[in-house]
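Whatever order the structure lists them in is the order used to number ligands and atoms, beginning at 1. All values reported here derive from a predicted model rather than from experimental measurement.
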Amino acid sequence: MTIEASLRLFLGASSLLFLLGSVRGSNGSLPLILWHGMGDNCCNPLSMGAIKKMIEEEVSGIYVLSLMVGKSPIQDTENGFFMDVNEQVSFVCHQLSQDPKLKGGYNAMGFSQGGQFLRAVAQRCPNPPMKNLISIGGQHQGVYGLPRCPGESSHICDWIRKKLNTEAYSDFVQKHLVQAQYWHDPLNDDLYKKHSLFLADINQERGVNETYKKNLMSLEKFVMVKFLQDSVVDPVVSEWFGYLKPGQAKETETLQESALYKEDRLGLAEMDKAGKLVFLATEGDHLQFSREWFNAKILPYIR
Ligand SMILES: *[C@@H]1O[C@H](CO)[C@@H](O)[C@H](O)[C@H]1NC(C)=O
Ligand SMILES: *[C@@H]1O[C@H](CO)[C@@H](O)[C@H](O)[C@H]1NC(C)=O
């Protein structure tokens, strides 16, 4: 079976994550950290394991670390549903700071929710420095809906969906349900801003933390990949940092049209002007891409 076929097979049933770190590979490439998506873990041979292997084949000598949050791959998968995201980010920051191979900096690639989690790492943990951040189907303005859950997790998703629709912003659900921490209800903007423990914080909804801004702006490139036939993320424009216009749930706005950008609370407008933001789109459903596409569009940022 080809890697793409295996990926599709797996991705139909789940999503991805990775992490990496070390000194430069034989081609001078920086270490690469991967963070998987919901329902996935660090090491599944059909998902992150395959991606890690593929990158190692393409970039000779590269050090790739696929992040495991917890003590085992199974715990890592569970934590992707139930562990406080702020704690996950701290866990990862600590791990990165302890890895001598990352001292000279690293690139980071997040899959689905791993994309926004790694952005939090960039904003909160400048040491060691992240150089390029590549978000593959990440939801930088969150989601308002969970239309489809990756494969085998579907029973968990039915339960999660119910919780999100009724009590996403209760303290208990915020603390214990990962997806609630990037649940962004445009009809209840005040609740979101006030009670979202993770996303509203990293998106500077409760005030501007200059440190977040400075750290994000020190990225060399922030690459965002959107899947044109995405049936998992709602709204899909969140993968490019756009969202639903506040107060309604139909019309969307681009990042450039948003208050976040116009007020430049995160430095994204400045980064955009400096050519640091890269918006990529690809055919396919959530996290489905070919090796050919990956090699042509993504590898240049990690070589
Ligand atoms: C370095 O990268 C180039 C371009 O991808 C590749 O063709 C070459 O084999 C690599 N060389 C080494 C030593 O990794
Ligand atoms: C801003 O973010 C930094 C990095 O996470 C944190 O240490 C600091 O406490 C934050 N400042 C405020 C005012 O929240």
Exercise. Which class fits the ring pair Phe198 and Phe117: parallel under 30°, tilted 30 to 60°, perpendicular over 60°?
Worked result: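 Perpendicular.
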For this session: Distance to 0.1 Å, residue and atom name: give those for the protein heavy atom nearest to atom 4 (C) of ligand 2.
Result: Tyr212 CE1, 4.0 Å
For this session: Specify the protein heavy atom at minimum distance from atom 6 (C) of ligand 2: its residue, its atom name, and the distance to 0.1 Å.
Result: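 Scanning the protein heavy atoms, the shortest distance from atom 6 (C) of ligand 2 goes to Asn209 ND2, 4.1 Å.
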Exercise. Quick check: are there more than 12 heavy atoms from other residues, nucleotides or ligands sitting under 6.0 Å from CG of Leu228?
Worked result: yes
Exercise. Do protein heavy atoms approach atom 11 (N) of ligand 2 to less than 4.0 Å?
Worked result: yes
For this session: Kindly indicate whether atom 2 (O) of ligand 2 is approached by any protein heavy atom to under 4.0 angstrom.
Result: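 Protein heavy atom within 4.0 Å of atom 2 (O) of ligand 2: present.
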Exercise. Partners of Tyr182 by ring-ring contact (aromatic ring centres under 6.0 Å, His included), sequence neighbours excluded?
Worked result: none
For this session: For the pair Arg161 and Asp158, find out whether any cationic side-chain nitrogen is under 4.0 Å from an anionic carboxylate oxygen.
Result: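 Result for this pair is yes, salt bridge flagged.
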